[in-house]
Amino acid sequence: MPVELVETKLQGALPVHLVARDGLEAAGLAPFAVAWAKANGFSGEAGRTLAVPSENGALAGALFGTGDGEGALALGALSKTLPEGDWHFASIPAEPELAAIALALGGYVFTRYGKKPGKALRFDVPAGVDAARVRRIADGVFLARDLVNTPTSDMGPDDLEKAVRTLAAAHKAEVSVIKGDELLTQNFPMIHAVGRASTGAPRLIDMIWGQPGAPKVTLVGKGVCFDTGGLDIKPSSGMLLMKKDMGGAANLLGLASMIMAAGLNVRLRVLIPAVENSIAGNAFRPGDVLASRKGITVEIGNTDAEGRLVLGDALALADDEEPQLLVDMATLTGAARVALGPDLPPFYTGDEALASDLAEASLAVEDPLWRLPLWRPYDAKLSSKVADINNVTSDGFAGSITAALFLKRFVEKTASWAHFDIFAWNPADRAHGPAGGEAQGIRALERIISTRFG
């Protein structure tokens, strides 16, 4: 972990004083520190760090501006702005566990292709914080970020399978894979159709962990390792970030890592349809009608709406077991980004208790989520003249909602299901994470699962 969180008190660690906007006088600082701050124009503005010397010139500590209350994750900026060395909070932050998580997440650097690691920092964990839990959460987030940040040249369907096997080996989980034409034999025709034009064979990755009699938690992640759009090809600008189209799978593997490392009392199943939506003579076409595992026939209105197809087959398999909780996650629609932007993923569920828990957990751990409705009147927009359903609507309205309604067709038995339409990407640097791959929703889900099944 780039920022080392230490549970035993570090001798000689320097203090970080948290200062609200215009709060210098109330921060309990020594007169010299107050004078230094004023001389440097520091007044507690959000996100600013100011190193403070002692009267003899040695480094004595630092001030960090919390503004008007920016939230605990803003403290992640300290991982990039503090001088190297050992540090502790001068007083316990209002949200000590979130503060520790922020420090860990803020120090992340993706180093696979030569970027230098971050600063060497050690930080005393605030009193009462479970450092092992903070590390589990940070490790899960880092796994998700690493997988999303890796380009498709090193993260195709084969590589994604290897990543799952590596995670499974670390926690003694079992992995099985249905690959290539075997998908047709085993009745996963939509996964096969979407991925068959790629040189990397399509597959369904199935990871199982935990005791058979434990409550069943099933995670289904979209694993489209690259999306050209298929024959309805994207413009070049639309492909620039398509390495992240497996962000749903990456995020749920990060969540699985948290669950398994904590040893929660669940029977965890992770299903990842891993494909590349490519173009070749055998690519599926607009106007084709695909069979599905559920028996629903699907007319293809647009080959660039492929994520819902592979998820449909995987959800049908997951639903057969009627798990206590079924979650799917996908970088599914641009409509979700138009509606809510990159930082606020929508989720959909018909389970009111789960919706309430997600809203509470989202606020509690500063993992933004927003519920959108499974608006039944829009279901008719997915009608087809030749098949049971079309994979897109004809008018383009409510794209995220209609995508969720499409997926709902494949979940009939499971009472507690939620769909997350995530971006999985930071467009710009943030205090708790750099520009690039991001984990969204999984810290909130970890809180719910550990509370319900811990």
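Only heavy atoms go into these numbers, but all of them, side chains included; no hydrogens, no water, no symmetry mates. Just so you know, these numbers come straight off a predicted model, no measurement behind them.
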Taking Ser257 for the side chain and Leu253 for the main chain, is one N or O donor matched with an acceptor at less than 3.5 Å? no

Could you tell me whether Glu321 and Arg267 make a salt bridge, using a distance below 4.0 angstrom between a side-chain N and a carboxylate O? yes

One thing to verify: whether Asp357 and Arg447 come together as a salt bridge, which I'm taking to mean a side-chain N less than 4.0 angstrom from a carboxylate O. no

To check you understand the geometry: which heavy-atom pair defines the closest contact between Ala168 and Met207, and what is its length? CB-SD, 3.7 Å

What one should report as the nearest heavy-atom pair of Ser400 and Ala335 is N-CB, 3.5 Å

Has Trp417 got a side-chain atom pairing as donor or acceptor with Lys413's backbone, closer than 3.5 angstrom? no

Does the Lys119 side chain pair with the main chain of Leu82, one donor and one acceptor, at a distance under 3.5 Å? yes

Please answer whether the main-chain N or O of Asp429 pairs with a side-chain N or O of Asn426 as donor and acceptor at a distance below 3.5 Å. no

Given ring pair (Phe, Tyr, Trp, His ring centres under 6.0 Å), test Phe397 with Tyr378 step by step and report yes or no. CA-CA 9 Å; Phe397 292 143; Tyr378 288 166; 8.7 Å; no

If the threshold is 4.0 Å, N to carboxylate O, is there a salt bridge linking Arg337 and Asp421? yes

Charged N to carboxylate O below 4.0 Å: is that the case for Asp206 and Arg269? yes

Please determine, by modelled atom types, if Asn149 and Tyr113 share a side-chain donor-acceptor pair under 3.5 angstrom. no

Can we say Glu366 and Arg443 salt-bridge, meaning some charged N sits less than 4.0 Å from an Asp/Glu carboxylate O? no

Flag the pair Phe420 / Tyr348 as yes when their ring centroid distance falls below 6.0 Å, and as no otherwise. no

Is the backbone of Pro323 close enough, under 3.5 Å, to the side chain of Thr218 for a donor and an acceptor to pair up by distance? no

Angle between ring planes, Phe410 versus Phe406, binned at 30° and 60°: parallel, tilted or perpendicular? tilted

